Amino acid sequence: MKPPTVIGQFHTLFFGSVRMFFLGVLGFAVYGNEALHFSCDPDKREINLICYNQFRPITPQVFWALQLVIVLVPGAIFHLYAACKSINQECILQKPIYTVIYILSVLLRISLEAVAFWLQIHLFGFQVKPLYLCDAVSLGKKFTTIKCMVPEHFEKTIFLIAMYTFTVITIVLCVAEIFEIIFRRLCVLIRQRPKG
């Protein structure tokens, strides 16, 4: 079943193809071998690994893949519910209970995107700097801070900004979809009102 609104259909196309393609193809190209090229001074494997784990508690590709899956869940649940109840697009706009349930699924999608946006800021910030200062206390070394080089930091910054932009676009599309549903529901109510 397609979403009942034009904006919802555009959101599905945008979310499903553009965002997933961008993450799958370009995300792998930018972040794919980051751990291998992350080097610290002194350049030893154990130091590089410990510092990289500090730098990236979760890799951006894994985070964004989880975000995409989690944000798809409310729509998938609604579509499953609609399939079980044999609800079509017209029913969603004509029957108030289905309209409310659909709007709730879109609101949940907005909430999940907003939480993911906040987590992304908390985990990755807005800029990837060329140097990362690693806390080496856990290594038991006499020095407490180790300098590490972050590969392709500028490309990663551009990619971060693109992923923030995708999240904002998705939230805007979801809000616009709610307004379209309300507008179309009002049009249905006006048409059904008895004349005279």
Side-chain angles (χ1 to χ4, degrees), residues 3 8-80 105-136 138-139 145-175 177:
Q9 291 170 18
F10 179 76
H11 170 267
T12 301
L13 175 71
F14 175 80
F15 191 87
S17 32
V18 176
R19 198 170 176 185
M20 286 186 184
F21 173 81
F22 192 84
L23 177 59
V25 175
L26 296 178
F28 183 76
V30 173
Y31 287 96
N33 295 322
E34 183 180 48
L36 294 174
H37 300 294
F38 188 86
S39 62
C40 301
D41 184 26
D43 190 11
K44 293 184 179 174
R45 180 168 165 71
E46 73 172 41
I47 293 173
N48 290 347
L49 284 173
I50 288 170
C51 289
Y52 181 75
N53 287 335
Q54 272 183 33
F55 176 66
R56 292 273 189 239
I58 182 171
T59 60
Q61 309 100 297
V62 170
F63 175 83
W64 291 319
L66 284 171
Q67 177 185 0
L68 290 177
V69 169
I70 289 169
V71 169
L72 286 174
V73 168
I77 290 172
F78 178 82
H79 284 4
L80 186 63
S105 76
V106 175
L107 286 171
L108 184 56
R109 200 182 326 148
I110 292 169
S111 302
L112 292 170
E113 286 281 13
V115 168
F117 189 83
W118 178 82
L119 280 171
Q120 185 177 339
I121 291 169
H122 181 71
L123 290 169
F124 309 122
F126 288 97
Q127 181 183 14
V128 179
K129 296 181 179 168
L131 279 177
Y132 174 72
L133 298 177
C134 175
D135 181 11
S138 62
L139 295 170
T145 304
I146 296 173
K147 287 183 182 177
C148 301
M149 298 290 292
V150 180
E152 292 111 16
H153 61 93
F154 185 70
E155 288 177 17
K156 290 179 174 73
T157 298
I158 292 171
F159 200 85
L160 271 177
I161 292 167
M163 292 309 287
Y164 283 123
T165 304
F166 284 145
T167 302
V168 169
I169 289 170
T170 303
I171 290 171
V172 168
L173 286 173
C174 289
V175 170
E177 184 177 10

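Values below: all heavy atoms of this structure, side chains included; hydrogens, waters and symmetry mates excluded. Note that this is a predicted model, so its numbers are computed, not measured.
Residues I110 and C174 come closest through the heavy atom pair CG1-CB, 3.3 Å. In plain terms, the two heavy atoms of L112 and P74 that are nearest each other are CD1-CG, 3.7 Å. In this structure, F55 and E34 approach most closely via the heavy-atom pair CE2-OE2, 3.8 Å. Taking all atoms of both residues into account, the shortest heavy-atom contact from K156 to P151 is NZ-O, 2.7 Å. Summarising the geometry of R19 relative to T170, their closest heavy-atom pair is NH1-OG1, 3.0 Å, with the distance given to 0.1 Å. The two residues V128 and L160 come nearest to each other via the heavy atoms CG2-CD1, 3.7 Å.
The structure places CD1 of I161 at 7.5 Å from CD1 of I158, a figure rounded to the nearest 0.5 Å. Atom CE of M163 and atom CZ of F117 lie 11.5 Å apart (nearest 0.5 Å).
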Take V115 and S111 through the test side chain to side chain contact (heavy atoms under 4.5 Å, CB included) and record every step on the way to the result.
-> CA-CA 6 Å; V115 168; S111 302; 5.5 Å; no
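By the SG-distance test at 2.5 Å, a disulfide connects C148 to C40.
Taking the six-membered ring where tryptophan is involved, the planes of F159 and W64 are tilted, since the angle between them lies from 30° to 60°. Using bins of under 30°, 30° to 60° and over 60° for the plane-to-plane angle, the ring pair Y52/F38 lands in the perpendicular bin.
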